[in-house]
Amino acid sequence: MRFVRGLLLALVAVLAGCERAEDFSDLKAWLDEVRVRPEGVAEPLPVFAPYQAFIYSATALRSPFLPSLDSDPTRDRNFSGEVAPDPGRARQFLEGFDIEQFEMVGTLSNSTSVFALLRGAGGVHRVKVGDYLGRNDGRIVSIGDSTVEVVEIVSDGRGAWRERPRTISLKERS
């Protein structure tokens with residue numbers, strides 16, 4: 001009996017909370033204000049300044065985030081007047097990605113070839129000596145047990161091209 005009384009009391013309290021409140025004075029005031037406005041009159045559209053396109057013209061220059069190159073090309077052992085990217089060469093898939101995002105995770109070998117496993121660009125890729133990767137015409141020149149040696153062709157910012165060696169080291173416990 002005590003349980004039924006408690007349940008009945010809880011039911012009455014819940015129903016009392018559901019009673020409709022008739023206080024819509026703020027809504028009525030807003031509707032009266034809208035009805036008083038003249039029809040067909042709208043606020044003017046804001047005036048926007050036209051878009052000014054920016055053309056970045058330094059794409060062929062050296063990246064400021066990479067180590068600077070020697071200013072005297074005669075002292076640079078990686079400088080050669082004959083070095084230049086080959087515009088007619090067919091691009092490989094891994095050349096569409098920055099070389100910094102690749103990490104070596106292993107090697108594979110058989111009786112004739114050695115391959116490196118590089119993680120990056122959305123997966124693990126098998127590469128061999130002579131393959132290209134990175135945006136700067138990076139060509140793989142050697143594969144060791146714990147490193148992949150790459151030579152990139154980069155602009156010196158004065159219209160000449162230089163070879164820049166890069167090393168991708170083995171990432172252990174990945």
### Expected output: side-chain N110 to main-chain T112 donor-acceptor under 3.5 Å
yes

### Message
Count I, L, V, M, F, W, Y as connected when their side-chain heavy atoms are under 4.5 Å apart, and connections chain through other members. Are L27 and V34 then in the same cluster?
### Response
yes

### Summary
Minimal heavy-atom distance between D145 and M104, with the atoms involved, is O-CE, 3.8 Å

### Task
Could you tell me whether D137 and R91 make a salt bridge, using a distance below 4.0 angstrom between a side-chain N and a carboxylate O?
yes

### Task
Report yes or no: does R164 contribute a side-chain atom to a donor-acceptor pair with the main-chain N or O of I153 at less than 3.5 Å?
no

### Message
Can you classify the ring geometry of F93 versus H125 as parallel (below 30°), tilted (30 to 60°) or perpendicular (above 60°)?
### Response
tilted

### Task
Report the relative orientation of the aromatic rings in F54 and Y56; use parallel for angles under 30°, tilted for 30 to 60°, perpendicular for over 60°.
tilted

### Task
Decide whether Y132 and V83 are clustered together by the hydrophobic rule: side chain heavy atoms of Ile, Leu, Val, Met, Phe, Trp, Tyr closer than 4.5 Å, transitively.
no

### Task
Group every Ile, Leu, Val, Met, Phe, Trp and Tyr by side-chain heavy-atom contacts under 4.5 Å, then state whether V129 and V150 land in the same group.
yes

### Query
Any side-chain heavy atom of S109 sitting closer than 4.5 Å to one from F115?
no

### Summary
Of all heavy-atom pairs linking I143 and V127, the shortest is CD1-O, 3.7 Å

### Query
Is there a donor-acceptor pair under 3.5 Å between the side chain of Q101 and the backbone N or O of D98?
no

### Query
Considering residues at least two apart in sequence or located in another chain, which fulfil the side-chain hydrogen bond (donor to acceptor under 3.5 Å, both in side chains) criterion with E100?
R166

### Query
Are any side-chain N or O atoms of D131 and backbone N or O atoms of K128, one a donor and one an acceptor, separated by less than 3.5 Å?
yes

### Task
Evaluate the side-chain proximity of R139 to V141: yes if any heavy-atom separation is below 4.5 Å, no if none is.
yes

### Task
Following the transitive rule for hydrophobic clusters with a side-chain heavy-atom cut-off under 4.5 Å over Ile, Leu, Val, Met, Phe, Trp and Tyr, establish whether L94 and V151 coincide in one cluster.
no

